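Inspection log for the structure reproduced underneath, given as structure tokens.
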Amino acid sequence: MASQVEGYRAWLAEHGYTKLTIRNMLKDLGQVGVWLSRRGLQAADLSEDRLQQFLSDQWEVGRRRLPGPRGMRPLLTYLRQAAVVPPPLVAPSPLEDVLVQYRCWMVGERGLSAATVLRYENTARRFLSEQAMPGGVFTPGGLTGADLNAFLLRECVRVSAGSAKGRVAELRSLMRFLHLRGLTPLRLGTAVPPVGGWRLATVPPTMAAADVQQLLDHCPREGAVGIRGYAMLMLLARLGLRSIEVTRLQLDDVDWRLGEIAIRGKGRREDRLPLPVEVGEALVAYLSGARPRGSTRRIFVTCRAPHGPIRADLVGDVVERACLRPGLPRVGPHQLRHALAGETLRQGPWLMAISQVLRHQDLATTALYAKVDFTALREVAQPWPGQGAA
């Protein structure tokens with residue numbers, strides 16, 4: 001492992017590890033090298049199983065301060081990126097092969113986001129695993145509408161109505177893919193029954209403008225985590241961005257001279273929005289003093305090493321923690337988007353303008369927000385002239 005010391009040191013420094021942590025992890029590298037030499041192995045022979053055996057042997061000889069499997073993961077990641085250790089060889093099963101093709105189809109031909117692809121793939125994996133024959137034999141050509149209905153009924157028992165509607169869309173997408181690939185002779189997507197529900201039957205969950213301001217006022221603006229969280233909240237509250245859109249933002253998306261920001265939305269759609277001054281100031285504070293240095297072009301990165309792009313669920317965690325500070329009920333990032341739409345509607349702009357701000361592809365989606373202005377609705381709901389006499 002001697003030839004890997006300097007490369008591993010530079011890799012750890014690039015990913016934001018401190019000098020003390022780098023020194024300890026280089027010691028682990030040396031211990032692994034000694035262990036491999038004693039067993040007559042090369043660096044290319046290293047794998048997850050060998051690392052687990054290394055940790056077990058170290059424990060048996062009395063070494064108690066061990067990093068653990070998760071702590072050894074950066075070493076194996078670096079060695080594989082440096083082409084020292086080959087990638088793991090896993091023979092894909094027929095089911096896994098279909099799921100890989102399905103994932104590539106969703107990304108390449110449907111343009112779905114990473115979070116949506118993961119959700120659709122999880123449903124496909126669970127459904128197809130249940131349909132596999134004893135012994136792992138996978139025959140999608142034998143699927144029937146009864147199999148789809150039985151799976152959907154089981155899902156409806158354990159999930160909410162909204163999630164059940166999502167299962168319908170996920171199953172139909174899977175059936176469409178299987179038919180296009182010739183794996184099923186029939187278009188079974190039409191056999192998936194819809195879940196009962198009426199469009200525009202509910203009022204979107206929202207927040208008052210004063211509550212949104214409380215979230216922003218109580219958000220700490222010192223420290224890397226606080227400054228990053230405040231910048232995220234400003235993007236959610238003032239521009240109505242979705243969680244995935246916040247995570248996709250890159251340094252090149254902000255045009256500081258024109259005062260615009262590019263948003264990568266659903267279906268690979270890109271829009272440009274004016275950048276409000278207060279949002280720009282929050283981004284500048286984060287980029288100039290709190291964002292760790294690294295090779296990624298994403299704006300928001302993790303504060304702890306290894307530094308890399310944040311996940312979309314971290315945005316939700318930031319909003320939930322922000323609700324706890326002023327003692328408000330917990331909400332998700334999307335409710336800040338609803339709050340922006342409701343407040344904009346109360347200030348007078350018509351639905352087409354709100355649709356452009358929220359970047360809806362269908363105006364019918366924006367029409368749902370017409371019901372959040374309860375004051376205007378009460379005026380509309382006044383009795384018609386002559387109704388009392390009738």
Side-chain angles (χ1 to χ4, degrees), residues 162 200-247 249 259 261 263 265 271 273-286 290 299-300 310 312-360 365-382:
L200 305 179
T202 60
V203 176
T206 184
M207 296 179 64
D211 293 339
V212 175
Q213 190 60 45
Q214 282 194 61
L215 293 184
L216 299 174
D217 293 341
H218 286 79
C219 183
R221 305 185 194 182
E222 64 277 349
V225 176
I227 297 175
R228 184 190 64 181
Y230 181 72
M232 291 181 184
L233 288 175
M234 290 298 294
L235 290 168
L236 296 170
R238 299 298 186 242
L239 292 179
L241 268 59
R242 303 176 179 92
S243 297
I244 190 62
E245 293 170 346
V246 173
T247 61
L249 286 176
I261 183 170
I263 308 298
D271 299 279
L273 295 178
L275 183 64
V277 174
E278 55 182 348
V279 179
E281 291 175 346
L283 287 175
V284 168
Y286 170 65
I299 288 183
F300 294 104
I310 64 171
D313 56 357
L314 178 61
V315 182
D317 295 339
V318 169
V319 176
E320 289 189 4
R321 289 196 298 266
C323 293
L324 296 177
R325 297 186 188 100
L328 296 174
R330 291 187 179 183
V331 299
H334 217 71
Q335 287 181 253
L336 298 181
R337 180 178 171 88
H338 295 324
L340 175 64
E343 183 62 22
T344 305
L345 181 63
R346 280 187 285 270
Q347 293 178 2
W350 53 313
L351 289 178
M352 182 63 72
I354 299 176
S355 177
Q356 293 174 354
V357 172
L358 299 183
R359 291 157 283 110
H360 288 154
T365 304
T366 315
L368 179 65
Y369 295 101
K371 299 188 297 182
V372 301
D373 191 350
F374 297 109
T375 302
L377 286 177
R378 291 189 185 97
E379 296 178 359
V380 175
Q382 294 297 326

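Small disclaimer: the values here were computed from a predicted structure and weren't measured. Atoms considered below: every heavy atom in the structure, side chains included; atoms not considered: hydrogens, waters and symmetry mates.
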Please find the pair of heavy atoms, one from L239 and one from P274, that lie closest to each other, and give the distance.
CD2-O, 3.7 Å

More than 12 foreign heavy atoms under 6.0 Å from CZ of R330: is that the case here?
no

How many angstroms lie between atom CD1 of I261 and atom CD of E245, to the nearest 0.5 angstrom?
10.0 Å

Here the gap from L216 atom CG to Y230 atom OH, rounded to the nearest 0.5 Å, amounts to 5.5 Å

Looking only at heavy atoms, which two atoms of S243 and A312 are closest? And how far apart?
CB-O, 3.9 Å

Of all heavy-atom pairs between L233 and A322, which one has the smallest distance, and what is that distance?
CD1-CB, 3.8 Å

Looking at every non-hydrogen atom in both residues, tell me the closest pair between R221 and I227 and how far apart they are.
O-CG1, 3.5 Å

For the OG1 atom of T247 and the CD1 atom of I310, what is their distance to the nearest 0.5 Å?
6.0 Å

To the nearest 0.5 angstrom, please state how far the CG atom of L215 sits from the CG atom of L236.
10.0 Å

Roughly how far, to the nearest 0.5 Å, is the CG atom of L275 from the CD atom of E281?
10.0 Å

So do L249 and L241 actually touch side chain to side chain, heavy atoms under 4.5 Å?
yes

Indicate the atoms forming the closest heavy-atom contact of C219 with G226, along with that distance.
SG-O, 4.0 Å

Are any non-hydrogen side-chain atoms of M234 and P276 less than 4.5 angstrom apart?
no

Roughly how far, to the nearest 0.5 Å, is CG of L324 from NE2 of H218?
12.0 Å

Closest non-hydrogen atoms of V331 and C323, given as atom of the first, atom of the second and distance, are CG2-SG, 3.5 Å

Side-chain contact test, heavy atoms from C-beta onward, threshold under 4.5 Å: evaluate it for F300 versus L235 and give yes or no.
yes

